[in-house]
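All ligand and atom numbering here is 1-based and tracks the order in the structure.
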Amino acid sequence: GGQWCYDSQDPKCGPSHWKELKATCGGDKQSPVNIDRRWLQRDGGLGDIIFEGYDQAPPGKWRLLNDGHTVMLSLESEPGAEHIAISGGGLPGRYRALQLHFHWGSPSRNGSEHTVDGQQLPMELHIVHINVKYRTLGEAKGHPSGLAVLGCFFQVSEAANSNYNTIIGGLRNISHAGQAVDLASTFRLGTLLPHIAQLSRYYRYQGSLTTPDCSEAVIWTVFEEPVGISREQLQAFVSTVHFPASGAAPLKMTNNFRPPQPLRSRKVFSSRD
Ligand code: BO1
Ligand code: ZN
């Protein structure tokens, strides 16, 4: 197939065209979705998620990459290192962390992928995990419970969020697509999440990867509570990193989100009333 992109890069290969490249992108269980709070279904089986390795800094260096579509932090530990993983929370097994990345907007537009009651938030973090029973992403993508992605919304706060300093500080080194940088310091993954007391409040539904090939292999967990980040910190994403150069001038990486997809016969569940 050809190349996919976001409308902000080139409307000819934007989200409305993805199904021409990959039929799965036109499927019935696509992500993101709008989370309509009027229609949430409470699920008593959605207990606390168990986070492993989220509260300790990893042994090795973490590598931040501009992959041309987003800013991605690879989380795969060296062999022997303790894995970062999640389980519980109604997940059918244990899931190992692969990578995290972001979706954001532009100075004039919010950029989350999931929406709540039709409202987009400024930015969304995705932490991608693979079911430990599968060995590769390719294998996991063939199963409805192959992957588990945690989604966190951001909201603008007065104060800067220092937990994001290391990632944001790395952006200037990956301003061009394909660039990568080893982060100066590691940090505890848990510090990127909403306040611990709020992690038991989340939405859950069955969906897909939000980029081609749009595999319908994701158990989505979207935390209710947004993470605070200052306007200046958000602006660093919007103004520092670029899409792959196609024309003369490099194009700022903005609005790298897929819009909400039809829920169809699915339900969104909530862990709490
Ligand atoms: S997301 O969390 O639904 N936005 C998401 C989207 C795509 C991926 C993971 C999470 N994975 C990517 C891999 C690429 C691969 C692509 C298509 O899937 O990072 O390496 O090419 O399989
Ligand atoms: Zn994502």
Next item on the list: Would you sort out whether Trp104 and Phe154 count as a ring pair (Phe, Tyr, Trp, His ring centres under 6.0 Å), showing the intermediate values?
Entry: CA-CA 10 Å; Trp104 63 87; Phe154 290 81; over 10 Å; no
Note to self: Between Lys141 and Asp213 (salt bridge meaning N to carboxylate O under 4.0 Å), is one present in this structure?
What the structure shows: yes
Checklist line | Note: Glu224-Arg272 ion pair, threshold 4.0 Å (strictly below) | finding: no
[X] near ligand 1, heavy-atom distance under 4.0 Å?
X      : result
Lys141 : yes
Gly138 : no
Leu137 : yes
Trp220 : yes

Note to self: Working to the nearest 0.5 angstrom, can you tell me the gap between Ile127 CD1 and Leu193 CG?
What the structure shows: 5.0 Å
Next item on the list: Kindly compute the distance separating CD (Gln261) from CG (Asn34), expressed to the nearest 0.5 Å.
Entry: 11.5 Å
By number and element, which atoms of ligand 1 are closer than 4.0 Å to a non-hydrogen atom of [X]?
X      : result
Gln99  : 9 (C), 19 (O)
His103 : 4 (N)
Thr211 : 6 (C), 7 (C)

Check: Can you name the N, O or S atom of His126 that is closest to the Zn ion (ligand 2)?
Finding: ND1
Next item on the list: Using only N, O or S atoms, tell me which atom of His103 is closest to the Zn ion (ligand 2).
Entry: NE2
Side chains of [Y] and [X]: any donor to acceptor distance under 3.5 Å?
X      : Y      : result
His176 : His242 : no
Gln198 : His195 : no
Arg42  : Ser270 : no

Checklist line | Within-cut-off N or O pair, His101 and ligand 1, under 3.5 Å | finding: yes
Check: Is atom 7 (C) of ligand 1 close to the protein, meaning a heavy atom under 4.0 Å from it?
Finding: yes
Check: Does some non-hydrogen atom of the protein lie less than 4.0 angstrom from atom 22 (O) of ligand 1?
Finding: yes
Checklist line | Nearest-neighbour protein heavy atom for atom 16 (C) of ligand 1, which is reported as residue plus atom name and distance | finding: Pro212 O, 4.2 Å
Note to self: Using side-chain heavy atoms (C-beta onward) and a distance below 4.5 Å, is Gln9 in contact with Pro244?
What the structure shows: yes
Check: For atom 10 (C) of ligand 1, which candidate among Leu209, Ile127, Leu150 provides the closest heavy atom?
Finding: Leu209
Checklist line | Within 6.0 Å of CZ in Arg188, more than 12 heavy atoms from elsewhere | finding: no
Note to self: Below a 4.0 angstrom heavy-atom separation, can you tell me which part of Thr210, side chain or backbone, both or neither, approaches ligand 1?
What the structure shows: both
